[in-house]
Amino acid sequence: MLEAFFRYEFLQNAFYSGLLIGLLAPLLGVFLVVRRLALIADALSHITLSGIAASLLLAKHVVFFQGLNPLYLGLVFSVGGSILIEQLRSAYKFYKEIAIPIILSGGIGLGVVFISMADGFNNDLFNYLFGSVIAVSRSDLWTICIITVVVLVVLILFYKELFFLSFDEEQAKVSGINRKLVNFIFIVMVALVIAASMRIVGILLVSALMTLPVAAAMRLAKGFKQMFIYSIFFGEIAVVTGLVSSFYLDLAPGGMIVMISVLILLIVIAVESGLSIVRGITVKKTS
């Protein structure tokens with residue numbers, strides 16, 4: 001079944017990109033979920049949509065943008081949106097969560113304006129919204145590879161700081177950790193991964209890949225490091241199965257990846273509930 005994915009270049013691009021996204025999205029998703037910042041992924045995905053729409057609009061009027069991968073301007077908007085979120089979280093010290101709907105709303109509004117100026121949807125924009133197996137180019141793959149290396153290096157260097165901030169932000173600040181710098185680096189990493197994921201999963205569905213595998217992992221993991229392992233495992237299963245099934249069934253890969261992630265979550269919950277019932281019955285019999 002995977003033979004075609006190793007025969008054609010466009011399928012290789014999608015498959016290898018998917019493997020990298022299946023690693024990165026749940027990896028950062030663990031920190032987002034633990035810090036109760038899961039909605040940031042939605043906000044940044046919508047501001048990324050504005051960047052993509054702006055690039056497609058500019059391509060109609062400016063020669064330079066005709067040969068430019070829309071992913072690059074999407075990355076710029078995504079990183080810019082992440083910086084704005086951090087600035088707003090600092091401005092609203094007692095209502096930090098309001099920064100997320102502000103950027104989300106602004107991203108949607110700006111995206112709609114750019115789309116309407118570009119005379120509505122086209123096939124390229126549709127692929128960015130819901131993902132596409134055939135739309136992933138070799139340059140997209142190389143961009144994702146670079147982002148993967150950057151994110152992994154940063155996570156290795158700042159793992160202790162991110163771990164501390166995830167569970168006790170105030171104590172981390174007292175301990176001398178530069179909270180603003182670490183938060184800034186982290187939010188920029190999230191922005192890069194979201195922008196990189198949109199070709200495979202789609203802008204409107206990328207946040208699901210950052211949260212659903214983590215939600216399933218939380219039901220099984222007995223520690224923080226185990227949560228990473230389970231999250232990545234579930235993420236990779238969802239991505240690979242979603243890509244293969246979407247290709248052979250001619251469906252949007254983003255939707256298939258998300259639905260498989262939901263199915264994994266439901267199976268994990270059902271199995272865990274069943275095991276809890278069995279344990280309860282066993283305890284009653286022994287007592």
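Since the structure is predicted, the reported quantities are computational estimates derived from the model, not experimental observations.
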(request) Mind checking the CG-OG spacing from Leu212 to Ser231? Nearest 0.5 Å is all I need. (result) 11.0 Å
(request) Taking salt bridge (charged side-chain N to carboxylate O under 4.0 Å, His left out) as the test, write out the residues that go with Glu86, two or more places apart. (result) Arg89
(request) Go through Phe164 and Val182 one step at a time and tell me if the side chain to side chain contact (heavy atoms under 4.5 Å, CB included) criterion holds. (result) CA-CA 11 Å; Phe164 208 167; Val182 176; over 6 Å; no
(message) Once rounded to the nearest 0.5 Å, what's the spacing between atom OG1 of Thr241 and atom CD1 of Ile264?
(response) 6.5 Å
(request) Please answer whether the main-chain N or O of Ile52 pairs with a side-chain N or O of Ser55 as donor and acceptor at a distance below 3.5 Å. (result) no
(request) For the pair Ile147 and Leu75, evaluate side chain to side chain contact (heavy atoms under 4.5 Å, CB included) and give the outcome as yes or no after the intermediate values. (result) CA-CA 11 Å; Ile147 291 173; Leu75 283 168; 4.0 Å; yes
(message) Tyr159: which residues meet the side chain to side chain contact (heavy atoms under 4.5 Å, CB included) condition with it, sequence neighbours left out?
(response) Phe31, Phe163, Phe224, Lys225, Phe228
(request) For Ile47 and Gly81, work out which heavy atoms get closest and say how close. (result) CG2-CA, 4.3 Å
(request) Please examine the side chains of Val240 and Leu19, heavy atoms only from C-beta on, and report whether any two atoms are closer than 4.5 Å. (result) yes
(message) For the OH atom of Tyr16 and the CD atom of Gln12, what is their distance to the nearest 0.5 Å?
(response) 5.0 Å
(message) Side-chain heavy atoms nearer than 4.5 Å, only ILVMFWY residues, links allowed to pass through others: does that put Ile156 and Phe186 together?
(response) no
(request) Could you tell me whether the side chain of Ile185 reaches within less than 4.5 Å of the side chain of Glu161, counting heavy atoms only? (result) no
(message) Test of understanding: clusters of I, L, V, M, F, W, Y form through side-chain heavy atoms closer than 4.5 Å, transitively. Do Val239 and Ile229 belong to the same one?
(response) no
(message) Would the distance check show the side chain of Ser50 and the main-chain N or O of Gly107 forming a donor-acceptor pair, the cut-off being under 3.5 Å?
(response) yes
(request) For residues Leu44 and Ile85, determine if any side-chain heavy atom of one lies less than 4.5 Å from a side-chain heavy atom of the other. (result) yes
(message) Donor-acceptor pair, distance only, cut-off 3.5 Å: does the side chain of Ser78 make one with the backbone of Gly74?
(response) no
(request) Check the pair Ile98 / Leu88 against side chain to side chain contact (heavy atoms under 4.5 Å, CB included), numbers first and verdict last. (result) CA-CA 8 Å; Ile98 200 173; Leu88 288 170; over 6 Å; no
(message) Is there a side chain to side chain contact (heavy atoms under 4.5 Å, CB included) between Val154 and Val188? Walk through the geometry before answering.
(response) CA-CA 11 Å; Val154 171; Val188 169; over 6 Å; no
(message) Counting C-beta onward and ignoring hydrogens, is there a side-chain heavy-atom pair between Tyr230 and Val268 closer than 4.5 Å?
(response) no
(request) Measure the spacing between CD1 of Ile187 and CE of Met189 and express it to the nearest 0.5 Å. (result) 9.5 Å
(request) Determine the minimum heavy-atom distance between Leu20 and Cys145, stating which atoms define it. (result) CD1-SG, 3.7 Å
(request) Work out which heavy atom in Ile260 is nearest to a heavy atom in Ala238; give both atom names and the distance. (result) CG2-CA, 3.8 Å
(message) Please check if the number of heavy atoms outside Phe233 that lie under 6.0 Å from its CZ is greater than 12.
(response) no
(message) Between Ser105 and Ile102 (side chain of the first, backbone of the second, donor and acceptor by atom type, cut-off under 3.5 Å), is there such a pair?
(response) no
(request) Please report the closest heavy-atom contact between Pro253 and Leu243, naming both atoms and the distance. (result) CB-CD2, 4.0 Å
(message) Looking at every heavy atom in both Met210 and Ala41, which two are closest together, and how far apart are they?
(response) SD-CB, 3.9 Å
(request) Please check if Val193 and Val150 belong to a single hydrophobic cluster, counting links between Ile, Leu, Val, Met, Phe, Trp and Tyr side chain heavy atoms closer than 4.5 Å. (result) yes
(request) Compare all side-chain heavy atoms of Ile103 with those of Ile40 and state whether any distance is below 4.5 angstrom. (result) no
(message) Could you measure the distance from the CH2 atom of Trp142 to the CG atom of Asn13? Nearest 0.5 Å is fine.
(response) 10.5 Å
(message) Tell me every residue that passes side chain to side chain contact (heavy atoms under 4.5 Å, CB included) with Ser17, counting only those two or more places apart in sequence or in another chain.
(response) Val136, Leu141, Ile144, Ile200
(request) Looking only at non-hydrogen atoms, find the nearest pair between Glu236 and Gly18 and report the distance. (result) OE1-O, 4.1 Å
(request) Look at the side-chain heavy atoms of Ile, Leu, Val, Met, Phe, Trp and Tyr, link any pair under 4.5 Å apart, and say whether Leu28 and Leu152 land in one connected group. (result) yes
(request) Find the distance between CG (Leu32) and CG (Leu27) and round it off to the nearest 0.5 Å. (result) 10.5 Å
(message) Please tell me whether Ile83 and Val190 are part of a single hydrophobic cluster in this structure, the criterion being side-chain heavy atoms less than 4.5 Å apart.
(response) yes
